[in-house]
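Reckoned from all heavy atoms, side chains included, excluding hydrogens, waters and symmetry mates.
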Amino acid sequence: LLTRHWHRDGPARLPMPLWKKVVSFLAVRVTSWWREAKHPIFHMACTSEGLTIGIRCCTPPTCVLQAHLASDLQNTLRLHDVNVDRRWESAESEDVRGLLCSLCGRNIALHRSLGIEAAIQAVGVSLRLAAGVPVLLAGDLSVGGVGAAGAGAADAELCGLVAQILGAGGGAASPPSSP
């Protein structure tokens, strides 16, 4: 990992023991954005040309929808084909892929089964990177490629998914049907 603006003569590398301390400090504090979210997550669905074609709603398991959206607003959203009642924890991997494709407007290729928790993590990291917010990803990427067996397969898959969302990775999958 490189750091910027910490060294006047260019990028400086932090020593590995320091990175390990940072990771050990964060590892016990960072769990899942999906499981900890207390509000519904809305995003615009778009085409590959960047045209907005609708709104998608993801309601985390800890969210009480009535605490955030009045029943009249929920009904209005339902009338406009926004599924505010969908429980994404039980969604098929292809439905989650469709959600990701509608978010970024491009095909996303999956190399293993993808749950909503990993998808939300990838979207959060992607949005932060796109906004120029620094992101520290600590994991095992030495598994020999995306989808490889081993403890680091999920870490490698997350990085590959973030790259695809940002348009840096190749997505050869066919377009999904609307979720």
Residues which pass side chain to side chain donor-acceptor pair (under 3.5 Å) with [X], listed by chain and number, not counting sequence neighbours:
X: Gln66; value: none
X: Thr76; value: none
X: Arg78; value: Gln74, Asn75, Asp85

How far does [atom1] of [X] sit from [atom2] of [Y], to the nearest 0.5 angstrom?
X: Asn107; Y: Arg97; atom1: CG; atom2: CZ; result: 6.0 Å
X: His43; Y: Leu99; atom1: NE2; atom2: CG; result: 4.5 Å
X: Gln121; Y: Glu157; atom1: CD; atom2: CD; result: 13.5 Å

Quick check: closest heavy atoms across [X] and [Y], and the distance to 0.1 Å?
X: Ala118; Y: Leu158; result: O-CD1, 4.2 Å
X: Val96; Y: Ala119; result: CG1-CB, 3.4 Å
X: Ser126; Y: Ala122; result: OG-O, 2.7 Å

Legend entry - Co-members of the apolar cluster containing Leu79 [side chain, <4.5 Å]: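 Other cluster members: none.
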
Inset, instruction - Give the other cluster members for Ile55, using side-chain heavy-atom distances under 4.5 Å between Ile, Leu, Val, Met, Phe, Trp and Tyr residues; answer none if it is isolated. - result: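 ILVMFWY cluster around Ile55 also holds Phe42, Met44, Leu65, Leu69, Leu73, Leu77, Val82, Val84.
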
Legend entry - Contact check, side chains of Leu161 and Leu100, non-hydrogen atoms, under 4.5 Å: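 Heavy-atom side-chain distance check passes, below 4.5 Å.
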
Inset, instruction - Answer yes or no: is there a donor N or O on one side and an acceptor on the other, between the side chain of Trp88 and the main chain of Asp95, under 3.5 Å? - result: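 No; judged by distance alone, with no hydrogens or angles, the pair does not exist.
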
Legend entry - Gln164 (side chain) donor-acceptor with Ala109 (main chain) under 3.5 angstrom: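 At least one qualifying donor-acceptor pair exists.
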
Among residues at least two apart in sequence or on other chains, which ones pass side chain to side chain contact (heavy atoms under 4.5 Å, CB included) with [X]?
X: Glu89; value: Trp34, Pro61, Arg87
X: Ala37; value: Pro60
X: Cys46; value: none
X: His68; value: His39, Pro40, Cys63

Legend entry - Pairs flagged by side-chain hydrogen bond (donor to acceptor under 3.5 Å, both in side chains) wherever residues 44-55 is involved - sequence neighbours left out: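 Every pair satisfying side-chain hydrogen bond (donor to acceptor under 3.5 Å, both in side chains) with a residue in residues 44-55: Thr47-Glu49.
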
